[in-house]
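The next block holds one structure in the form of structure tokens; read it before the comments.
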Amino acid sequence: MILILGIIIADDEKKICRLLEYLIDWDKIGAKLLGVAYDGITALQLIQEKKPDVLLTDIRMPGMDGLQLIEEAKKQNAALKCIIISGYKDFQYAQQGIRYGVRDYLLKPINQDDLTRTLKKLVNETMEQKNSQEARIHLEKAVRNYSGEFKRVFLKIALEQKPEERPETVLKEVRKINTSRVAERDSRCLVVKPDIEYKDFTKDAYQLLIDKTIEILQVEFASDDGELTIETSDEGIFLLLSQGLSDREELIKAVNHVRDRVMGLQDLFPKIYFTAIITEPVDTDDELIRQIQHSRIAMYNRLLTDTDTVSELKILNTVSEEKYFLTSKISSLLENRPESFEPEEIKKYVNQAKRIMRAAKGISGLDVKMELLRLALNYLDWLGQLDTPLDKSGKTAYFSEMYEHCISLDQAFELLEETLTNALLEVLNHLKSKEIKPVAYAKHYIDENKGIHIKLEELAKNAGFSYTYFSYLFKKETGITLTEYIQTVRIETAKKLLVEKERNVSEIAELVGYSDIKFFTKQFKKALGVSPNEYRKMFLER
């Protein structure tokens, strides 16, 4: 259905009203003229009768001015879009009009293009709002008519929020869709997570396992009318259970039966793990949401306790001091991140993080995931500074997804090490083809300048690399660092100058880049075992 929006024009100058009727291409903008008024009182009566979507009004009119008209009209319809048309250029009218909700301000003489553009914008905006409102009304009606569908929406919204979100915040989001009550007497949430290790993970295999498990759950828990509220998330498969399944012993027995049947799918998968959490029975929606949120966090905690179990929900309050301890220790570790291109350094980095997390007590598995993600992002950001097409978001998303399929804390750290090492090797492989020529260029540049006035950051940039990576690369190719090579070139230059009699040692030191003769003497003796004067004497005595 095509929506046609209604417009009313109010202006005490009849010729202006006729001009507006003529200037507006009604069909083009998708609107029609509902009426014209030459004073404010008549205009307000027209608005009450015709209920327009847009009002074009002058400011100065008899009976009631344009601003009063807008104020009164907005009381009747807050969604009414208002445009002021006036020959008075005093900006105070525009300021007052904005307070009343005026959407635009056009000055006489009226420009047809400006008028059309303004009306078209408001018409499109109003149509979008009406379509959105109609869609929302339709959705709310459908949800009201189907309580089972609403339960699914209730569960879906709860799972779309962060696991640590406050229950009242989640409930507020739910109430935007429907105010109906979901929780019945002794309502529960059951969370089931069938899993395969991340090393064996493929999307197709995991989806097949989820589908098979849902089929088993439907057989085990479906009510007489076949209704079962199920939603899936990263944490597992969530079911809302009604009072018909309130008996604790019977429920545990049913879940164990599900577990046995899921584990019976071993022929399809290399190894299956099964974790289930049963919440306490509750009677209100906010209590049910609280149980859902706690069960999600408890599912993360399986990495800290036992995987492959059926258990009842135990709410563990995270100790804030321990969370602060963990975050501060990890922050300290991030500050000392190794800027190295050796996989062995990544291993040390991850092991340090593992020791920190094992020392922290009273933290949740979700806290661990967040801190591991911080470590991953920090290291990937550093690698991303190099001239490579590293997909940082893809690597982070992979780690986050695979974390959900780790079956122990050790495996989570193994995943982190693997993710960072693979990213490092990817970067190194990309840079490999660019390596040899820049090193040769750097050596030539240093030789040509006799090691004097060399700016290392600029040299690395000219070679096409960050200073950190270029230093690593230079040492890898030559066996010594950039600084050591520059030192060697300076000493070699000094040796040549020392065999000449024209300059004294102090002059030679300055020529090869040493402003401090004592430091020069120390470096020379360190390299050759003799002082500059001793070297000159030895050479001249030959």
Side-chain angles (χ1 to χ4, degrees), residues 147-194 213-214 217 220-223 227-256 258-259 274-307 309-319 362-367 369 404:
S147 61
E149 178 66 12
F150 176 58
K151 286 182 180 179
R152 188 191 66 78
V153 172
F154 174 94
L155 184 54
K156 184 178 179 65
I157 292 173
L159 296 177
E160 284 175 348
Q161 310 302 310
K162 293 179 180 179
E164 65 272 29
E165 192 67 77
R166 294 171 63 86
E168 52 267 34
T169 303
V170 180
L171 189 59
K172 186 177 179 181
E173 290 299 313
V174 171
R175 293 294 182 246
K176 289 179 181 178
I177 303 297
N178 196 294
T179 57
S180 302
R181 179 176 171 174
V182 168
E184 303 168 1
R185 185 171 61 84
D186 292 339
S187 291
R188 293 180 189 258
C189 177
L190 168 65
V191 192
V192 170
K193 186 171 179 63
T213 304
I214 290 175
L217 288 166
E220 191 71 36
F221 291 106
S223 57
E227 181 185 312
L228 189 63
T229 307
I230 296 182
E231 274 295 318
T232 60
S233 77
D234 291 339
E235 294 98 22
I237 304 168
F238 289 74
L239 292 81
L240 292 185
L241 302 177
S242 61
Q243 61 187 40
L245 291 163
S246 60
D247 184 81
R248 174 179 172 275
E249 296 301 326
E250 286 298 316
L251 182 54
I252 292 175
K253 183 179 177 181
V255 176
N256 276 311
V258 171
R259 180 185 184 280
F274 184 93
T275 307
I277 296 171
I278 305 166
T279 72
E280 289 291 316
V282 296
D283 300 327
T284 65
D285 286 356
D286 59 335
E287 289 176 320
L288 182 56
I289 288 173
R290 184 174 287 106
Q291 293 291 314
I292 292 170
Q293 298 296 77
H294 284 309
S295 67
R296 295 174 70 189
I297 294 173
M299 191 57 79
Y300 278 107
N301 289 344
R302 76 192 191 283
L303 298 190
L304 308 178
T305 52
D306 295 316
T307 306
T309 59
V310 174
S311 62
E312 295 177 275
L313 176 64
K314 296 179 180 64
I315 299 176
L316 302 174
N317 291 321
T318 300
V319 182
I363 59 172
S364 73
L366 183 59
D367 295 331
K369 179 180 180 180
E404 307 297 337

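In this text, all values refer to a predicted model and were calculated from it rather than measured experimentally.
In this structure, the side chain of Asn301 does not engage the main chain of Ser364 through any donor-acceptor pair within 3.5 Å. Panel note: side chain Arg296, backbone Gln293; no donor-acceptor pair is recorded below 3.5 Å.
Residues Ile292 and Leu240 are in side-chain contact: their nearest non-hydrogen atoms beyond the backbone lie under 4.5 Å apart. Residues Leu190 and Phe221 form a side-chain contact, since some pair of their non-hydrogen atoms from C-beta on lies under 4.5 Å apart. Residues Phe274 and Asn256 have side chains not in contact (no heavy-atom distance under 4.5 Å, counting atoms from C-beta outward). When side chains are defined from C-beta on, Phe154 counts as touching Ile289, because their heavy atoms get closer than 4.5 Å. Contact annotation: the side chain of His294 never approaches that of Thr279 to less than 4.5 Å [non-hydrogen atoms, C-beta and beyond].
Listed here is the closest heavy atom pair of Val191 and Ser295: CG2-OG, 3.4 Å. Of all the heavy atoms in Ala158 and Val170, the pair that sits closest is CA-CG1, 3.6 Å.
Summarising the geometry, atom CZ belonging to Arg152 is positioned 9.5 Å from atom OG1 belonging to Thr229; distances are rounded to the nearest 0.5 Å. The CG atom of Leu239 sits 5.0 Å away from the CG atom of Leu217 when rounded to the nearest 0.5 Å. Taken to the nearest 0.5 Å, the OG1 atom of Thr232 stands 9.5 Å off from the CZ atom of Phe238. Separating the CG atom in Leu251 from the CG atom in Leu241 is a distance of 6.0 Å, to the nearest 0.5 Å. The CD atom of Glu287 sits 11.5 Å away from the CG atom of Leu171 when rounded to the nearest 0.5 Å. The distance from atom CD of Glu231 to atom CG of Leu159, rounded to the nearest 0.5 Å, is 6.5 Å.
For Glu235 and Lys193, the salt-bridge test fails: no basic side-chain N is under 4.0 Å from an acidic carboxylate O.
In this view, Glu280 satisfies the salt bridge (charged side-chain N to carboxylate O under 4.0 Å, His left out) rule with no residue, not counting sequence neighbours.
Here side chain to side chain donor-acceptor pair (under 3.5 Å) pairs that include residues 159-170, with residues two or more places apart or in two chains, are Arg166-Glu168.
Heavy-atom neighbours of Lys156 NZ from other residues, nucleotides or ligands within 6.0 Å: at or below the threshold of 12.
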